[in-house]
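The block underneath contains the structure these notes are about, expressed in C-alpha cells.
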Amino acid sequence: MEDEQDLPEQIAIRMAKRERILASGQDAYPVSLPITRTIDQVKNKYPDLEIDVATGDKVSLAGRVMFQRNTGKLCFATLQAGTGSRIQVMLSLDKVGEEKLEEYKELVDLGDHLFVEGEVITSKRGELSILVDSWSIAAKTIRPLPNLHNELGEEYRVRHRFVDLIVRDRAREVVQIRSKVMQSLRNTFTKDDFIEVETPMLQTIHGGASARPFKTHSNAFDTELFLRIAPELFLKRAVVGGIDRVYEINRNFRNEGADRTHSPEFAMLEAYEAYGDYNTMAELTQTLIQNAAMDVFGTLQVQLEDGEVNDLSGEWARVSMFESLSEAAGVEITPDTDIKVLKALADKEGLEIDHPLHGKYVEELWEHFVKGGLQKPTFVMDFPVDTSPLVRDHRSKPGVVEKWDLYIRGYEQATGYSELVDPVIQRERFVAQVKLSAAGDPEAMKLDEDFLKALEFGMPPTGGMGMGIDRLLMSLTGLGIRETIMFPLVK
RNA sequence: GCGCUUCUAGCUCAAUCGGCAGAGCAACUGACUCUUAAUCAGUGGGUUCCGGGUUCGAUUCCCGGGGAGCGCACCA
C-alpha cells in the first residue's frame, strides 16, 4: 500500500486505529472468539419481550456494526449478522467502565466486526438489546461502508458485490434464491433417478451449440483448447455408455456480446433421458421449473421485481413453429415454401437476413411475427431441419425436426430435442455444418470424429433438454442477468 | 462491433453560458446514560476518469483513450 499520506483520509484514520489496537496488545483480527449465540438465535428466543426487561440471560455474539449512536455515558450500536438480521447492543459507563467505553468510542467504526458479551435485555423504548459487559474487535475494517441511505450506483454494486451484499437485503436474498433453485432442480432430478455428472470444460473441439468459443492454449499438450460452449456431446457419450438418465449443471462460455440477457459465462443445465423423447423432456422441463417456483416461493404465481406476476401454473401451451408463423404472417409457410418467398417476406417486413439456410429465414420470421407475443410459458414445437444439426427428423411431419424451445415472457428459456442418434445422418449433418463454416459462418459446428465414433457404438433413443440457469433466475425474479450472477464479468 | 448518454469527496448526487468546486450521509474535535438514518456546536477532506489541444485561465469547449449505462447487431 502507498504512503499513509496518500491514502484517503478515512482509510488513513482506520489504519491508525488498527495500529493502536495492535500496539495495545489486542488482536485486530482474532483467530477465534467464544461465541455462544447467533443474532438470529437471540431474536428467535425473545420475539416479544416487554419494555425495559432484564432477562438475566448472558450471551456472547458478534456482528458487523451498521449504525452507531454514541452519547456521553451510554452508547448504542446495531450489529448485523451475515443473514442480514440485526440486534442492538448497548455499552454503558457502569457496565464496561470509563476506560473501555472511551476506547470503544475511539476505536470502533461503522463496518467493523464487533464481539460482545452481555445480558439480553430490552431498552426503555422496548428494543431487544445486549447490555454489554465486555467487548472486543472481531475484525477491524479499513475502508468505510458506503452511505446506507442512498441506493448504490449500478457499477459500484457489481464491482463491489461484497459491499452490496453487506448493505442491500435484496442482494443477499437473490444469492439465497439462486441456491434454493439449484437445490430444487437437483431434488427433482434425484427423485426421477437422474444422476449428476461433470464433463470437460476444456475441449479440443467445441461442439453442441452454434456459438463462437473462447480459445486458450495448453502448454503441456502444446495444443489449442476451447472453453466449452455446451456439454451436449459429452453427455451423449455418457448415454452411449449406459448412463441412461444423466444431467449436468455447470458453466458454458460463449464469446458473444453481453447485454441484459447474455453473459459470456453462464450456468447451463442439460439433461438426457434414454428412451425419452422431446415430449417427455417438455414434461420434465415444466416439472423442474414448477417445482423450483413451489420450493422457493411456495407459489406458481411468481412476483417479479417490477411488480408483475409471472404465472407458471397449469399445463403449458404447445404450438407448432410453422403453424404459428403461418397464422401470424397471414400466409401459409411450410418447409417446402420457396426460399425466395421467405426472402421477399423478410424484405417486406424490413428484416435484414443474409444467410444461405431456409430454416434461418423461418426462425427469423418466426421471431419477428410470433415471439414477442408469447408471455405465458409456451413450448414452440418442430423446428427446421437445416438449423438443428443434432436433432432427429420428426416421426411424421416431413421437413422438420423434433425440437422445441420454451419461451417465458418473450425470452427463450429452454430447449429440448428428440436426439439424433443415427451415426450416418449425424455425419451428414456435420459435413453440412463444415461447409457453412468454410463459407465463413463463425458459429457453424465442427466435425467431431470421436463423438461420431461413440454414436457408432449405438446410442439408444434419447430425449434431451437444456436450460439456462441464469435465465431461469431471471424468469423467477424479473432481474437482469447481472443481478442473478453474484460476480458477473466486469472489465 | 456501431450509435447515444455518462464519469465530480469514502458513498449518493449538485454546480460551472470558461473565472476560489458544493450538499446529505460518512470522517475528525467537543457536549450528551435510552438512542435507533440519534441530536447539537465546530473542523477537515477533491489529479472533477486518463492523455493531448484551444485559452490569460479548462472540471466545463475540442480531439484521442478508458470504464459504465441504454439502444442496435450477434447470441441463450
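These numbers were taken from a predicted model, which means no experiment stands behind them. Lettering of chains follows the sequences in order, A, B, ..., and the numbering in each one begins at 1.
- The residue among S129(A) and F67(A) whose nearest nucleotide of RNA chain B lies closer to the 5′ end is S129(A).
- Going from atom CZ of R69(A) over to atom C1' of C40(B) covers 17 Å, rounded to whole Å.
- Residue contacts shown for G466(A) are absent, as no nucleic acid heavy atom lies under 4.0 Å away.
- Pair assignment for C70(B): G3(B), on the basis of Watson-Crick or G-U wobble contacts that are both within less than 3.5 Å.
- For U59(B) and G53(B), the P atoms lie 13 Å apart once the distance is rounded to whole Å.
- D112(A) has a carboxylate O that lies under 4.0 Å from a charged side-chain N of K140(A), or vice versa, which qualifies the two as a salt bridge.
- Taking the side chain of H149(A) as heavy atoms from C-beta on, and the options A26(B), U33(B), C25(B), the nearest nucleotide is C25(B).
- One P atom belongs to A21(B), the other to C40(B), and the distance between them is 28 Å to the nearest Å.
- If you find the closest nucleotide of RNA chain B to L93(A) and to L152(A), the one lying nearer the 5' end belongs to L152(A).
- Taking atom C1' on both U39(B) and C32(B), the two are 9 Å apart, rounded to the nearest angstrom.
- Side-chain contact check for W404(A) versus R318(A): every heavy-atom pair is 4.5 Å or farther apart.
- Among D40(A), T38(A), N44(A), the one residue that satisfies the side-chain hydrogen bond (donor to acceptor under 3.5 Å, both in side chains) test with S85(A) is D40(A).
- Rounded to whole angstrom, the span from the CG atom of L49(A) across to the P atom of C34(B) amounts to 21 Å.
- Between R170(A) and E483(A), no side-chain nitrogen of the basic residue sits less than 4.0 Å from a carboxylate oxygen of the acidic one, so the salt-bridge criterion is not met.
- Counting heavy atoms from C-beta on, the side chains of L93(A) and E98(A) come closer than 4.5 Å.
- M467(A) comes within 4.0 angstrom of nothing in the nucleic acid, heavy atoms only.
- In this structure, C32(B) forms no base pair with any nucleotide, since neither Watson-Crick nor G-U wobble geometry is met with both distances under 3.5 Å.
- K124(A) has no side-chain polar atom (N or O) that falls below the 4.0 Å cut-off from OP1 or OP2 of C34(B).
- U33(B) atom C1' lies 10 Å from atom CG of L101(A), rounded to whole Å.
- Among the protein residues, S123(A) comes within range of the nucleic acid bases, having at least one heavy atom under 4.0 Å from a base atom.
- E483(A) places its CD atom 14 Å from the C1' atom of A68(B), with the value rounded to the nearest Å.
- We find that CG of L131(A) is positioned 16 Å from P of U33(B), with the value rounded to whole Å.
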(request) Can you check each nucleotide of nucleotides 69-76 of chain B against protein heavy atoms at under 4.0 Å and return B for base, S for sugar-phosphate only, - for none, in 5' to 3' order? (result) SS---BBB

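- Side-chain N/O atoms of E363(A) and T387(A) include a donor and acceptor closer than 3.5 Å.
- The distance between atom CG of L148(A) and atom P of G24(B), rounded to the nearest whole Å, is 18 Å.
- The separation of U54(B) from G22(B), taken at their C1' atoms, amounts to 28 Å, rounded to a whole angstrom.
- The aromatic rings of H160(A) and F162(A) stand perpendicular to each other, their planes meeting at an angle above 60°, with 30° marking the opposite boundary.
- The pair K236(A)-D448(A) does not count as a salt bridge, with every side-chain nitrogen at least 4.0 angstrom from each carboxylate oxygen.
- With rounding to whole Å, M15(A) atom CE is found 16 Å from G10(B) atom P.
- For the C1' atom pair drawn from C72(B) and G52(B), the interatomic distance equals 32 Å after rounding to whole Å.
- Taking atom CG of residue D52(A) and atom P of nucleotide C34(B), one finds them 12 Å apart after rounding to whole Å.
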For nucleotides 28-30 of chain B, give me every protein contact, N/O to N/O, under 3.5 Å, one pair per line with atom names.
from	atom 1	to	atom 2	distance (Å)
C28(B)	OP1	K17(A)	NZ	2.7

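- In this structure, N70(A) reaches the bases: a heavy-atom distance under 4.0 Å links it to at least one base atom across the strands shown.
- A salt bridge links R228(A) with E248(A); the closest basic N to acidic carboxylate O contact falls under 4.0 Å.
- Between F379(A) and M281(A) there is no side-chain heavy-atom pair separated by less than 4.5 Å.
- Residues I87(A) and L128(A) meet the side-chain proximity criterion, which asks for heavy atoms closer than 4.5 Å.
- A15(B) and A23(B) have their C1' atoms separated by 11 Å, with the value rounded to a whole Å.
- Between A76(B) and G3(B), the two P atoms lie 26 Å apart (nearest whole Å).
- In this structure, A23(B) forms a base pair with U12(B), meeting either the Watson-Crick or the G-U wobble geometry with both donor-acceptor distances under 3.5 Å.
- Of the P atoms belonging to C25(B) and C7(B), the separation is 24 Å, rounded to the nearest Å.
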